[in-house]
Amino acid sequence: MSETDDKDSKTQDTGARLIAVANQKGGVGKTTTTVNLGAAAAEMGHRVLIVDLDPQGNASTGLGINPRNLESSMYDVLLRDIPMDDAIEAAAVRNLFLAPANLDLAGAEIELVPAFSREMRLKNALAKISDDYDLVLIDCPPSLGLLTVNALAAANEVLVPIQCEYYALEGLGQLLRNVELVQRNLNAELHLSHIVLVMFDARTNLASQVATEVRDHFKDLVCETVIPRTVRLSEAPSFGQPITVFDSASRGAVAYRDLAREVAGEPS
């Protein structure tokens, strides 16, 4: 089955492709990839929902949402059973929507422990709205706790950003083991679909060596598109804009558009 066929079958089953963007290491470009991949897909005409599941709320602020001004957030969805629709905000980008997070979510890891059906809270919330979207991207926290387990239980696919630096593969084995555990016990449809090389600095031999090592190890799971390390990509979140808006012609914007086409199985 081709990737496009695979996408189509999932769309028929669930109403949306549900992709968890995960890596237990912090600072590896998870949020940057979630926000900019989502914005690029929305620009292509897909209706996209970004679910911010990280208590730091960086995906929310990166799309211009102030976490302190939220009436409802993912905390309320997971712990107070409010409908997902009540928490969703429209982003400034056409076709792009956000289910935001704030620091309240930091307590959710502990509060979820005694909760009924604790691993399935996000899956159940998304089931009611997934028909409204073509693509749902879940920005996972940099840990393997209950929030990440909720994301993996809800998703069909896992996309893993890997930085082109030392220790790039550190901790990845544990993430993959957790994916297998969730697959066996909670979500048989879950699979690793894409690995994305990010923070690539073409001026260094190290970046090329890491890219080669990752491609040798994971073969076709590694996307052809490589995301460069650029100042503009780093600056965009502080303006509350994805790179496709902040600097539409930049190398980072071009790369994320290419990645969006590749993930969608569309020709570049």
Student: Using the side chain to side chain contact (heavy atoms under 4.5 Å, CB included) rule, pick out the option among I138, V136, L135 that qualifies with I19.
Tutor: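 Only one option passes, and that is L135.
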Student: Determine the minimum heavy-atom distance between K123 and A153, stating which atoms define it.
Tutor: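 What the structure gives for the nearest pair is CD-O, 3.5 Å.
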Student: Using atom types as modelled, flag every donor-acceptor pair under 3.5 Å from a side chain in residues 83-108 to any protein atom, sequence neighbours excluded.
Tutor:
unit_1, atom_1, unit_2, atom_2, d
N95, ND2, A42, O, 3.3
N102, OD1, D104, N, 3.1

Student: Can you check whether Q24 reaches P142 side chain to side chain, under 4.5 Å on heavy atoms?
Tutor: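 A side-chain contact is absent here, since even the closest heavy-atom pair is not under 4.5 Å.
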Student: Here's a test for you: under side chain to side chain contact (heavy atoms under 4.5 Å, CB included), which of V21, L137, D139, L63 qualifies with V35?
Tutor: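 The single option meeting the side chain to side chain contact (heavy atoms under 4.5 Å, CB included) with V35 is L63.
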Student: Could you give the distance from CG (D220) to CZ (R215), rounded to the nearest 0.5 Å?
Tutor: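 It is 10.0 Å, given to the nearest 0.5 Å.
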Student: Of all heavy-atom pairs between A16 and N156, which one has the smallest distance, and what is that distance?
Tutor: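 Looking at all heavy atoms of both residues, the closest pair is O-OD1, 4.0 Å.
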Student: Quick one, N66 with T61, criterion side-chain contact (heavy atoms from CB on, under 4.5 Å). Give me CA distance, side-chain angles, the key distance, then yes/no.
Tutor: CA-CA 6 Å; N66 185 341; T61 56; over 6 Å; no
Student: Does any non-hydrogen side-chain atom of V160 lie less than 4.5 Å from one of L172?
Tutor: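 Yes. Closest side-chain heavy atoms under 4.5 Å.
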Student: Hey, any chance L176 and Y167 share a hydrophobic cluster, counting ILVMFWY side chains that come within less than 4.5 Å of each other, even indirectly?
Tutor: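 They do share one cluster, since a chain of ILVMFWY contacts under 4.5 Å joins L176 to Y167.
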Student: Applying side-chain contact (heavy atoms from CB on, under 4.5 Å) to L221 and H194, what does each step give before you reach the verdict?
Tutor: CA-CA 5 Å; L221 287 174; H194 299 90; over 6 Å; no
Student: Do E262 side-chain atoms and T225 backbone N/O form a donor-acceptor pair below 3.5 Å?
Tutor: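 Between the backbone of T225 and the side chain of E262 there is a qualifying donor-acceptor contact (under 3.5 Å).
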Student: List the steps, then state whether side-chain contact (heavy atoms from CB on, under 4.5 Å) holds for M44 with E266.
Tutor: CA-CA 10 Å; M44 290 162 57; E266 298 179 10; 3.1 Å; yes
Student: Please check if the side chain of N23 supplies one atom and the backbone of P161 the other of a donor-acceptor pair under 3.5 Å.
Tutor: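 Checking the backbone N and O of P161 against the side chain of N23, a donor-acceptor pair under 3.5 Å is found.
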Student: Distance check, rounded to the nearest 0.5 Å: L197 atom CG versus T212 atom OG1?
Tutor: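 So the CG of L197 and the OG1 of T212 are separated by 9.5 Å.
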Student: CZ/F218 to CD1/I162 distance, rounded to the nearest 0.5 angstrom?
Tutor: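 Between atom CZ of F218 and atom CD1 of I162 there are 5.5 Å.
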Student: Can L169 be reached from I195 by stepping across I, L, V, M, F, W or Y side chains whose heavy atoms are under 4.5 Å apart?
Tutor: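 As far as the 4.5 Å side-chain criterion goes, L169 and I195 are connected within one cluster.
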Student: Picking from L126, L122, N124, what satisfies side chain to side chain contact (heavy atoms under 4.5 Å, CB included) with N150?
Tutor: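 One option only clears the test, and that one is L122.
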Student: Can you check whether I129 reaches L49 side chain to side chain, under 4.5 Å on heavy atoms?
Tutor: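 Touching, per the 4.5 Å side-chain cut-off.
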Student: Ignoring hydrogens and angles, tell me if any N or O in the side chain of R17 forms a donor-acceptor pair with the backbone of D134 under 3.5 Å.
Tutor: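 Not confirmed, R17 side chain does not pair with D134 backbone.
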Student: Judged by modelled atom types alone, do T244 and E43 share a side-chain donor-acceptor pair under 3.5 Å?
Tutor: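 Side chains of T244 and E43: no pair found under 3.5 Å.
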Student: Is it true that the side chains of N187 and Q183 contain a donor and an acceptor less than 3.5 Å apart?
Tutor: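 No - no donor-acceptor pair under 3.5 Å links their side chains.
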Student: Quick one: which residue pairs count as a side chain to side chain donor-acceptor pair (under 3.5 Å) with a foot in residues 50-60, not counting sequence neighbours?
Tutor: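 Found D52-S60.
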Student: Check for a donor-acceptor pair, side chain of N36 on one end and backbone N or O of P242 on the other, with a separation under 3.5 Å.
Tutor: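 Answer holds: no.
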Student: Do the side chains of V263 and V28 join up, straight or via other hydrophobic residues, at under 4.5 Å, putting them in one cluster?
Tutor: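 V263 does not cluster with V28.
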Student: Find out if a path of hydrophobic residues (ILVMFWY) with successive side-chain heavy-atom gaps under 4.5 Å connects V254 to L259.
Tutor: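 Looking at the clustering, L259 is in a separate group from V254.
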Student: Are the side chains of P67 and S73 in contact, using a 4.5 Å heavy-atom criterion?
Tutor: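 Sidechains of P67 and S73: no contact.
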Student: Go through it in stages, so that I can follow the logic: the residues are L233 and I227, the test is side-chain contact (heavy atoms from CB on, under 4.5 Å), and I'd like the CA-CA distance, side-chain angles, deciding distance and then a yes or no.
Tutor: CA-CA 10 Å; L233 269 175; I227 307 301; 3.9 Å; yes
Student: Can any side-chain N or O of R118 pair as donor or acceptor with the backbone N or O of V113 at less than 3.5 Å?
Tutor: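 Yes, R118 side chain to V113 backbone: donor-acceptor pair under 3.5 Å.
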Student: So if you build clusters from Ile, Leu, Val, Met, Phe, Trp, Tyr with side-chain heavy-atom gaps below 4.5 Å, do V77 and I110 land together?
Tutor: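 V77 does not cluster with I110.
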Student: Nearest heavy-atom pair of I50 and G38: which atoms, and what distance?
Tutor: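 Closest pair (atom of I50, atom of G38, distance): CD1-CA, 4.4 Å.
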Student: Return the CZ to OH distance between R80 and Y75, rounded to the nearest 0.5 Å.
Tutor: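 One gets 8.0 Å once the value is rounded to the nearest 0.5 Å.
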Student: Can you find a heavy atom in the side chain of C140 that is under 4.5 Å from one in the side chain of L147?
Tutor: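 Counting from C-beta outward, C140 and L147 never come under 4.5 Å.
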Student: Is any side-chain heavy atom of E119 closer than 4.5 Å to one of L146?
Tutor: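 A side-chain contact exists here, since the closest heavy-atom pair is under 4.5 Å.
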Student: Just how far is it from atom CG of L159 to atom OG of S193, taken to the nearest 0.5 Å?
Tutor: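 These two atoms lie 6.0 Å from each other.
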Student: Can you tell me how far apart CZ (R232) and CD1 (I243) are? Round to the nearest 0.5 Å.
Tutor: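 Between atom CZ of R232 and atom CD1 of I243 there are 6.5 Å.
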Student: Please tell me if the side chains of L190 and V158 come closer than 4.5 Å, counting only heavy atoms from C-beta onward.
Tutor: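 Yes, side chains in contact.
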Student: Might you point out which heavy atoms bring T31 and A59 nearest each other, and give the distance in Å?
Tutor: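 Looking at all heavy atoms of both residues, the closest pair is CG2-N, 3.4 Å.
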Student: Would you please say whether a donor-acceptor pair under 3.5 Å links the side chains of T33 and Y256?
Tutor: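 Yes, a side-chain donor-acceptor pair sits under 3.5 Å.
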Student: For a quick test of your reading: what N or O donor-acceptor pairs under 3.5 Å do the side chains of residues 199-210 make, sequence neighbours left out?
Tutor:
unit_1, atom_1, unit_2, atom_2, d
D201, OD1, R203, N, 3.0
D201, OD1, R203, NE, 2.9
D201, OD2, R203, NH2, 2.9
T204, OG1, D201, O, 3.1
T204, OG1, A207, N, 3.2

